[in-house]
Amino acid sequence: MKRLSLIVTLAGLFGLGAYQVRATTPQDAGTTAKQDVKEAGHDTKTAAKKTGSAVKKGSKKVANVGAKGVKKGAQKTEQGAGKIEGKTQ
């Protein structure tokens with residue numbers, strides 16, 4: 001479970017890096033440094049939201065698979081206990 005979480009996190013960080021490195025258009029002569037900083041802030045916010053969403057989706061998958069495994073294990077334990085009980089009587 002830790003390995004999957006690590007993979008999802010690294011994929012998110014890689015996606016964030018790729019998003020930041022994307023091809024940019026040439027800047028107009030009228031763009032100010034203040035506007036550039038604002039745009040960079042908005043881009044970072046969007047990338048963080050996308051990464052958080054991906055991590056949330058991955059975590060839900062891991063939790064669901066874990067719950068399914070626990071349920072299956074409990075059923076097998078119950079079956080085994082029933083077999084042993086039948087042999088001891």
Side-chain angles (χ1 to χ4, degrees):
M1 184 158 36
K2 286 184 179 182
R3 179 176 273 175
L4 182 61
S5 177
L6 177 64
I7 290 171
V8 170
T9 303
L10 290 176
L13 291 174
F14 178 77
L16 176 64
Y19 183 79
Q20 292 295 329
V21 177
R22 74 185 193 294
T24 57
T25 58
Q27 294 182 350
D28 296 334
T31 341
T32 63
K34 183 177 180 181
Q35 186 61 35
D36 289 343
V37 171
K38 283 184 179 181
E39 287 176 9
H42 290 299
D43 289 346
T44 303
K45 178 182 176 183
T46 303
K49 282 184 176 182
K50 286 182 178 182
T51 303
S53 177
V55 169
K56 180 180 177 182
K57 184 177 179 182
S59 298
K60 280 187 177 182
K61 280 186 176 182
V62 169
N64 290 337
V65 169
K68 184 178 179 181
V70 168
K71 184 176 180 180
K72 186 174 182 179
Q75 288 172 345
K76 292 294 182 181
T77 302
E78 190 175 330
Q79 286 176 355
K83 287 180 183 180
I84 292 173
E85 184 180 344
K87 289 182 180 181
T88 58
Q89 289 181 356

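Note that this is a predicted model, so its numbers are computed, not measured.
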Checklist entry - When you look at CD of Glu78, are more than 12 heavy atoms from neighbouring residues, nucleotides or ligands closer to it than 6.0 Å? => result no
Item to check | Gap separating the CG atom of Asp43 from the NZ atom of Lys45, nearest 0.5 angstrom | outcome: 12.0 Å
Checklist entry - When rounded to the nearest 0.5 angstrom, what distance separates NZ in Lys38 from CD in Gln35? => result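 Separation between the atoms: 5.5 Å.
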Checklist entry - Is the backbone of Ala40 close enough, under 3.5 Å, to the side chain of Thr44 for a donor and an acceptor to pair up by distance? => result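 Yes, Thr44 side chain to Ala40 backbone: donor-acceptor pair under 3.5 Å.
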